[in-house]
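So you know, we letter chains A, B, ... as the sequences are listed, proteins then strands, and number each from 1. As the structure is a prediction and not an experimental result, all values here were calculated from the model.
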2 protein chains.
Amino acid sequence: MSQVTRRRTGPSKGDLREAAILEAARALFSERPYESVTIDDLASGAGISRTSFYFYFPTKTAVLTALMTSVGHDLAAGHVWFDADGPARDLLRTQLETSATLWRANAGILSCAATAMATSEELRDFVGRVRRRYDERAAEKIRRDQAGGTATTAIPAHRLAEMISAIRDARYEQLAGATDAELREAVDDLTEAIHRLIYGRA
Amino acid sequence: MSQVTRRRTGPSKGDLREAAILEAARALFSERPYESVTIDDLASGAGISRTSFYFYFPTKTAVLTALMTSVGHDLAAGHVWFDADGPARDLLRTQLETSATLWRANAGILSCAATAMATSEELRDFVGRVRRRYDERAAEKIRRDQAGGTATTAIPAHRLAEMISAIRDARYEQLAGATDAELREAVDDLTEAIHRLIYGRA
DNA sequence: GACAAAAATCGACACAGTGTCGATAGCGTA
DNA sequence: TACGCTATCGACACTGTGTCGATTTTTGTC
């Protein structure tokens, strides 16, 4: 519920412990399903007792949220397509390739996050915000192309953006442990599909 | 883990209790989030003690799976588009309208199922099977249209089918408590999107 | 280097939810 | 009536989460 921790604001030696918890969490959530990781695992993975864990994080999902923040930050980088004009198929492909690679690299954490979203409002809100921001930018790009006459107007721009997110995420979820060839295939399919959806003709 | 219950196979007076549990579950899962419903709630909702619950169902998710079986059965009904030849936009629309209406009517249960899938392998498998069967039929229809030259061959049929499921489910998930107008809007968008994806031109 | 305040640690405890076991009560029928 | 099957439930054990307060360690300052 409340986000309040008792930690002071300045840097300290105990920050090492916080980092250790995050490191342990990254390792554990990458390997095992979310529910199977207990707070005790996280604590002893960082070399502290379970109760000491609560000094650093209020809940298990708070740790996951922290990890997700960094992943989300990385994802927000390669948004090259959004700034282009028109279909710009090559840029769309590049953007999808970057995000697909990043997704595969963090597959375990992202899968845990998907699980935890079911129970944690905090995480649900966080991911929702990230996604909304992404969809917003995609919708803006589409709106520009609708005005330019290249994109379809049969479907509202924000709905098209949501659809893109839906097919992208669904395909990416299968990406854990995928080969480079499989990853490329996914990117190809998505590029084609998004392109048809927005710029194709009925 | 094991599906074994101690119940005998034939009909009996205690079946009333099983029905009562299912009824209570339908009511509770329709109103409240999945985790907030305890086995005790289910049991006392059916007028029995918590331990007696275990005589009828091994776990909470088993009850949800039972409810989902009936919903899945209903959904499998209106698959009119799959048997058509070519784009058949009106049949696609009809099929989407049926499933959207059904989805909205069972929004609570479906949302609980989505939550529970995160933890229950049983439910995950069940829903996975239903979805796979659906996608399979969609892929067959698309394959026929690819052979007939109306559907695109730029993306494998089974991938197109998966994409359809992805955008459909994503949109339907927003359908809880939607007005008839909103529902129709969703169906319109989806009809258009699916049509473009499969039969449109690049 | 001593010392007070703040940071950090942890054991003991309370709690909620799940699941098991065995004792018992009802019920149908040979 | 007596046997076996259905059904019920209280008592118990277990796991994971979260809180409290007492204690130790660190840190900055004089």
query = Is the shortest side-chain N/O distance from B/Tyr56 to OP1 or OP2 of D/dT6 below 4.0 Å?
reply = no
note = Applying salt bridge (Lys or Arg N to Asp or Glu O under 4.0 Å) to A/Arg171 and not counting sequence neighbours gives A/Asp189
request  = Could you run through nucleotides 11-20 of chain C and give me one letter per nucleotide, 5' to 3': B if any protein heavy atom sits under 4.0 Å from the base, S if only the sugar-phosphate is that close, - if neither?
outcome  = BB----SBBB
key: Rounded distance (Å) that lies between atom C1' of C/dT9 and atom CG of A/Leu16   = 16 Å
key: Residue pairs, two or more places apart or on separate chains, that pass side chain to side chain donor-acceptor pair (under 3.5 Å) and touch residues 95-107 of chain B   = B/Arg93-B/Glu97, B/Gln95-B/Tyr134, B/Ser99-B/Tyr172, B/Arg104-B/Asp180
inquiry  = Can you measure B/Glu18 atom CD to D/dA7 atom C1' for me and round it to whole angstrom units?
reply    = 13 Å
note = Taken in chain and number order and not counting sequence neighbours, the residues that satisfy side chain to side chain donor-acceptor pair (under 3.5 Å) with B/Asp135 are B/Ser165
B/Ile48 CD1 - D/dA7 P separation (whole Å) = 11 Å
request  = Would you list the pairs meeting side chain to side chain donor-acceptor pair (under 3.5 Å) in which at least one residue belongs to residues 70-82 of chain B, sequence neighbours left out?
outcome  = none
Spacing of A/Phe55 atom CZ relative to D/dG18 atom P, expressed in whole Å = 17 Å
message = Under the rule for salt bridge (Lys or Arg N to Asp or Glu O under 4.0 Å), what residues qualify as partners of B/Arg196, not counting sequence neighbours?
response = B/Glu192
query = What is the distance, rounded to the nearest whole Å, between atom CG of A/Leu42 and atom P of D/dG16?
reply = 13 Å
task = Output the distance between atom OG1 (A/Thr65) and atom CE (A/Met117), rounded to the nearest 0.5 Å.
result = 10.0 Å
ask   = Quick one: is B/Arg17 getting a side-chain N or O under 4.0 Å of the D/dT8 phosphate, OP1 or OP2?
value = yes
